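All of these numbers come straight from a predicted model, not from anything done at the bench.
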Amino acid sequence: MTVRCLVDDERRLVRDAQGAETVSDTTIFFPPGTRCPEGSRVTVNGRVTTVIASYARDGGGLPTPDHVEVVCR
């Protein structure tokens, strides 16, 4: 499946689903409702990477840009 997204290629320290610290090289911002569970393989700009963690960012009705944030190796 192909989904339009915004990609941020920046290295940063994140926590995985178990709470362990790890380094992410890529953060992907998807439209709300996109499912991309931990361990999924994704292709970004021709590179294949693995999802570390995925977070639904919802402003709860506030005028914020709701999205799904996915951090990858």
Side-chain angles (χ1 to χ4, degrees):
M1 166 177 26
T2 300
V3 178
R4 292 184 60 171
C5 61
L6 173 71
V7 177
D8 183 10
D9 288 320
E10 180 179 340
R11 182 171 284 199
R12 65 185 180 133
L13 189 62
V14 297
R15 293 195 183 273
D16 63 17
Q18 291 74 37
E21 289 184 341
T22 189
V23 175
S24 168
D25 290 320
T26 304
T27 303
I28 308 168
F29 301 93
F30 288 107
T34 304
R35 283 196 25 83
C36 203
E38 176 187 354
S40 296
R41 309 268 297 164
V42 295
T43 302
V44 181
N45 296 331
R47 298 184 327 266
V48 178
T49 187
T50 304
V51 173
I52 297 170
S54 180
Y55 310 99
R57 304 295 192 190
D58 183 338
L62 295 173
T64 61
D66 298 341
H67 61 280
V68 175
E69 179 179 342
V70 176
V71 290
C72 302
R73 299 199 190 290

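Nearest heavy-atom pair, Gly33 versus Val68, reported as atom, atom and distance to 0.1 Å: N-CG2, 3.9 Å.
The list of ring-ring contact (aromatic ring centres under 6.0 Å, His included) pairs with a residue in residues 3-26, not counting sequence neighbours, is empty. A salt bridge (Lys or Arg N to Asp or Glu O under 4.0 Å) check over residues 43-52, counting only residues at least two apart or in different chains, returns the pairs Asp9-Arg47. Applying the ring-ring contact (aromatic ring centres under 6.0 Å, His included) definition to pairs two or more places apart or across chains, those involving residues 18-57 are Phe29-His67.
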Check: residues 34-41 side-chain donor-acceptor pairs under 3.5 Å, at least two apart:
| from | atom 1 | to | atom 2 | distance (Å) |
| --- | --- | --- | --- | --- |
| Thr34 | OG1 | Pro31 | O | 2.8 |
| Ser40 | OG | Pro37 | O | 2.7 |
| Arg41 | NH1 | Thr50 | OG1 | 3.2 |

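Hydrophobic clustering (side-chain heavy atoms under 4.5 Å, transitive across Ile, Leu, Val, Met, Phe, Trp, Tyr) keeps Val7 apart from Val71. Cluster annotation: Val44 is not connected to Ile52 through the hydrophobic network of ILVMFWY side chains, with a link wherever side-chain heavy atoms come within less than 4.5 Å.
Once rounded to the nearest 0.5 Å, the distance linking CG of Asp16 with OG of Ser24 reads 11.5 Å.
Remark: Thr64 pairs with Leu62, Asp66 by the side-chain contact (heavy atoms from CB on, under 4.5 Å) rule, at least two apart or across chains. In terms of the salt bridge (charged side-chain N to carboxylate O under 4.0 Å, His left out) criterion, Asp58 has no residue partners (sequence neighbours excluded). Evaluation of the side-chain contact (heavy atoms from CB on, under 4.5 Å) rule for Glu21 yields Leu13, Arg15 as partners, not counting sequence neighbours. Residues passing the side chain to side chain donor-acceptor pair (under 3.5 Å) test with Asp25, sequence neighbours excluded: Arg11. Legend: residues meeting salt bridge (charged side-chain N to carboxylate O under 4.0 Å, His left out) with Arg12, ordered by chain and number and at least two apart, are Glu69.
Looking at heavy atoms from C-beta onward, Val70 lies out of side-chain contact with Val42 at the 4.5 angstrom threshold.
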